[in-house]
Amino acid sequence: NAAVAAQQAADAAWGKALSLGHGGSLVANGGFEADFTDWSNPGAATIVSAARAGAKAAEIADPAANWWPTSPATWVPASTGLSYYVECFMRRTACTDDLKEVGVLVQVRTTAGGTATHVAGRVKAVDLGSGWAQVAAIITPTTADVKEARFAPWVAAQSSTIIVDDVMA
């Protein structure tokens, strides 16, 4: 039946995600303990002490544009057809627009140098609440000829003040 087929597809995607098996996260400094070291494009984000774990986290206050700093700052080898489990923990301290979303993403680069961004695990910022919430997804980029990848939390423009911690892929 359809439910069994969907579960088998999810299990296969999870198996591909696990096949990366580097023994740890592909995200460098996912807890922001070294501020924005190993992250690119932090934009207007700041480092705060309101961490889920450790001493630091990243905070983005009502971003003017979609916000997604990527890690590692340098790309990691990847290939077409791989699935990636990406997660982070987020909480909201203010909500500007009830309809805006947050999530996680994989950005891939092709051998020709082009890039594509795949966002998943979307939830409304207002639904995060003031406690820590896990935001996660298995993402299988549909881009052909993938050469490299990097990972990020994602916050929609003008959504809220969001604190992010413990990013991993």
Side-chain angles (χ1 to χ4, degrees), residues 10-11 13-63 65-78 82-97 100-109 117-141 148-169:
D11 290 345
W14 181 243
K16 282 185 179 180
L18 289 177
S19 71
L20 283 170
H22 290 93
S25 179
L26 295 172
V27 174
N29 187 28
F32 301 98
E33 297 306 312
D35 297 339
F36 288 113
T37 300
D38 294 316
W39 288 88
S40 64
N41 307 314
T46 58
I47 296 297
V48 296
S49 62
R52 175 181 169 270
K56 298 179 182 181
E59 178 181 74
I60 185 67
D62 197 18
N66 291 347
W67 178 78
W68 44 281
T70 52
S71 179
T74 56
W75 298 81
V76 296
L82 284 180
S83 296
Y84 301 92
Y85 174 79
V86 183
E87 78 171 17
C88 66
F89 288 83
M90 295 182 171
R91 70 183 183 94
R92 128 183 103 69
T93 59
C95 192
T96 309
D97 185 334
K100 299 295 182 161
E101 296 177 316
V102 299
V104 292
L105 68 78
V106 173
Q107 184 180 45
V108 295
R109 184 162 55 186
T117 302
H118 305 270
V119 178
R122 294 177 185 229
V123 295
K124 288 186 174 32
V126 71
D127 293 338
L128 286 179
S130 59
W132 289 103
Q134 181 183 34
V135 178
I138 295 174
I139 304 171
T140 306
E148 299 166 310
R150 54 190 185 179
F151 313 92
W154 177 83
V155 177
Q158 300 172 347
S159 57
S160 298
T161 298
I162 304 291
I163 300 176
V164 179
D165 203 4
D166 302 324
V167 183
M168 68 165 278

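Keep in mind that the numbers below use all heavy atoms, side chains included, and drop hydrogens, waters and symmetry copies.
- The CG atom of D127 lies 14.5 Å from the CZ atom of R122; values are rounded to the nearest 0.5 Å.
- Although no hydrogens or angles enter the test, the distance criterion places no donor-acceptor pair under 3.5 Å between the side chain of S71 and the main chain of F151.
- Of all the heavy atoms in P141 and V108, the pair that sits closest is CG-CG1, 3.8 Å.
- When the options N66, I162, T117, V164 are evaluated for a side chain to side chain contact (heavy atoms under 4.5 Å, CB included) with W154, the one that passes is N66.
- What you find for G30 and V27 is that their closest heavy atoms are CA-CG1, 3.8 Å.
- A donor-acceptor pair under 3.5 Å is formed between the side chain of S25 and the backbone N or O of A169.
- Counting all heavy atoms, side chain and backbone alike, P153 lies closest to W39 at CD-CZ3, 3.9 Å.
- The shortest side-chain heavy-atom distance between E87 and V135 does not fall under the 4.5 Å cut-off.
- Put simply, OG1 on T70 and CG on N41 are 5.0 Å apart, with the number rounded to the nearest 0.5 Å.
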Could you walk me through whether W132 and D165 pass side chain to side chain contact (heavy atoms under 4.5 Å, CB included), step by step?
-> CA-CA 9 Å; W132 289 103; D165 203 4; 3.9 Å; yes
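- The heavy-atom pair separating P72 from A28 by the smallest distance is CB-CB, 4.4 Å.
- Of the possible donor and acceptor atoms, one in the side chain of N29 sits under 3.5 Å from a partner among the backbone N and O of A34.
- Here E33 does not pair with K56 in a salt bridge; the nearest charged N to carboxylate O distance is not below 4.0 Å.
- The shortest distance between side-chain heavy atoms of I60 and T161 does not fall below 4.5 Å.
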Evaluate the side chain to side chain contact (heavy atoms under 4.5 Å, CB included) criterion for residues L105 and V86: first the C-alpha distance (whole Å), next the side-chain angles of each, then the deciding distance (0.1 Å), finally the verdict.
-> CA-CA 7 Å; L105 68 78; V86 183; over 6 Å; no
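- The shortest non-hydrogen separation linking A57 to A51 is CB-CA, 3.9 Å.
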List the steps and the verdict of side chain to side chain contact (heavy atoms under 4.5 Å, CB included) for E59 and T93.
-> CA-CA 9 Å; E59 178 181 74; T93 59; 4.2 Å; yes
Apply side chain to side chain contact (heavy atoms under 4.5 Å, CB included) to Y84 and V104, showing your working.
-> CA-CA 11 Å; Y84 301 92; V104 292; over 6 Å; no
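- Atom CD1 of I47 and atom CD1 of I163 lie 11.0 Å apart (nearest 0.5 Å).
- With a 4.5 Å cut-off on side-chain heavy atoms, F32 and V167 count as touching.
- Note that R150 lies in the cation-pi zone of W75, set by a 6.0 Å cut-off to the ring centre and a 45° limit from the axis.
- Of the possible polar contacts, none joining the W67 side chain to the A44 backbone as a donor-acceptor pair under 3.5 Å is found.
- The distance from the CZ atom of F89 to the CE atom of M168 is 9.5 Å, given to the nearest 0.5 Å.
- Nearest approach of A137 to A120, heavy atoms of both residues: CB-CB, 3.7 Å.
- Residues V102 and L128 have side chains in contact (heavy-atom distance under 4.5 Å, counting atoms from C-beta outward).
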